[in-house]
Student: 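Quick one: the structure is below, and I'll ask about it shortly.
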Amino acid sequence: MQTQELVVIAEYNSYLEAEMAKSIVASAGIYAEIRNEYMSTAYAVAIPPQLLVRTEDAEQALLLLKIHP
């Protein structure tokens, strides 16, 4: 099985913002995950949550996030 490369497409000020963005992207059928999910709740200023998607889905995911800010 080949692993897909994930890229960071956005950083957020809070875990809640990252989770909402992940939901928007996932509703379009794009695999997404949040990096620093747990650390960002404890150290939000130092370690922001990041939204990751597969490299081939990055452009479409960014477009979705522009449409649904």
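Just the heavy atoms: all of them, side chains too, but no hydrogens, waters or symmetry mates, feed the values below. Since the model is a prediction, treat every value here as computed from it, not as a measurement.
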Student: Which residue pairs satisfy the salt bridge (charged side-chain N to carboxylate O under 4.0 Å, His left out) criterion with at least one member in residues 46-58, sequence neighbours excluded?
Tutor: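 Output for this query lists Arg54-Glu56, Arg54-Asp57.
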Student: With sequence neighbours excluded, tell me which residues meet side-chain hydrogen bond (donor to acceptor under 3.5 Å, both in side chains) with Glu11.
Tutor: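 Gln50.
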Student: Closest heavy-atom contact between Ile9 and Ala58?
Tutor: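 Heavy atoms only, the tightest pair is CG2-CB, 3.9 Å.
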Student: Suppose we screen for side-chain hydrogen bond (donor to acceptor under 3.5 Å, both in side chains). Which residues come up paired with Glu17, at least two apart in sequence or across chains?
Tutor: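 With sequence neighbours excluded, Glu17 shows a side-chain hydrogen bond (donor to acceptor under 3.5 Å, both in side chains) to no residue whatsoever.
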Student: Can you get from Ile24 to Val53 by hopping between Ile, Leu, Val, Met, Phe, Trp and Tyr side chains that sit under 4.5 Å apart?
Tutor: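 Same cluster.
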Student: Of all residues at least two apart in sequence or in a different chain, which pass the side-chain hydrogen bond (donor to acceptor under 3.5 Å, both in side chains) check with Glu19?
Tutor: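 If we apply the side-chain hydrogen bond (donor to acceptor under 3.5 Å, both in side chains) test to Glu19, skipping adjacent residues, the hits are Tyr15.
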Student: Strictly by side chain to side chain donor-acceptor pair (under 3.5 Å), give each pair with a member in residues 22-32 just once, sequence neighbours left out.
Tutor: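 Side chain to side chain donor-acceptor pair (under 3.5 Å) check on residues 22-32 returns Tyr31-Glu33.
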Student: Stepwise, does the side chain to side chain contact (heavy atoms under 4.5 Å, CB included) test hold for Leu51 with Val8?
Tutor: CA-CA 6 Å; Leu51 183 64; Val8 176; over 6 Å; no
Student: Leu64 and Ala28: which non-hydrogen atoms are nearest, and at how many Å?
Tutor: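 Of all heavy-atom pairs spanning Leu64 and Ala28, the closest is CD1-CB, 3.4 Å.
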Student: If the condition is side-chain contact (heavy atoms from CB on, under 4.5 Å), which residues does Thr55 pass it with, not counting sequence neighbours?
Tutor: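 Only Glu5, Val7 meet the side-chain contact (heavy atoms from CB on, under 4.5 Å) criterion with Thr55.
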Student: Considering residues at least two apart in sequence or located in another chain, which fulfil the side-chain contact (heavy atoms from CB on, under 4.5 Å) criterion with Ala18?
Tutor: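 With sequence neighbours excluded, Ala18 shows a side-chain contact (heavy atoms from CB on, under 4.5 Å) to Tyr12, Ile34, Pro49, given in chain and number order.
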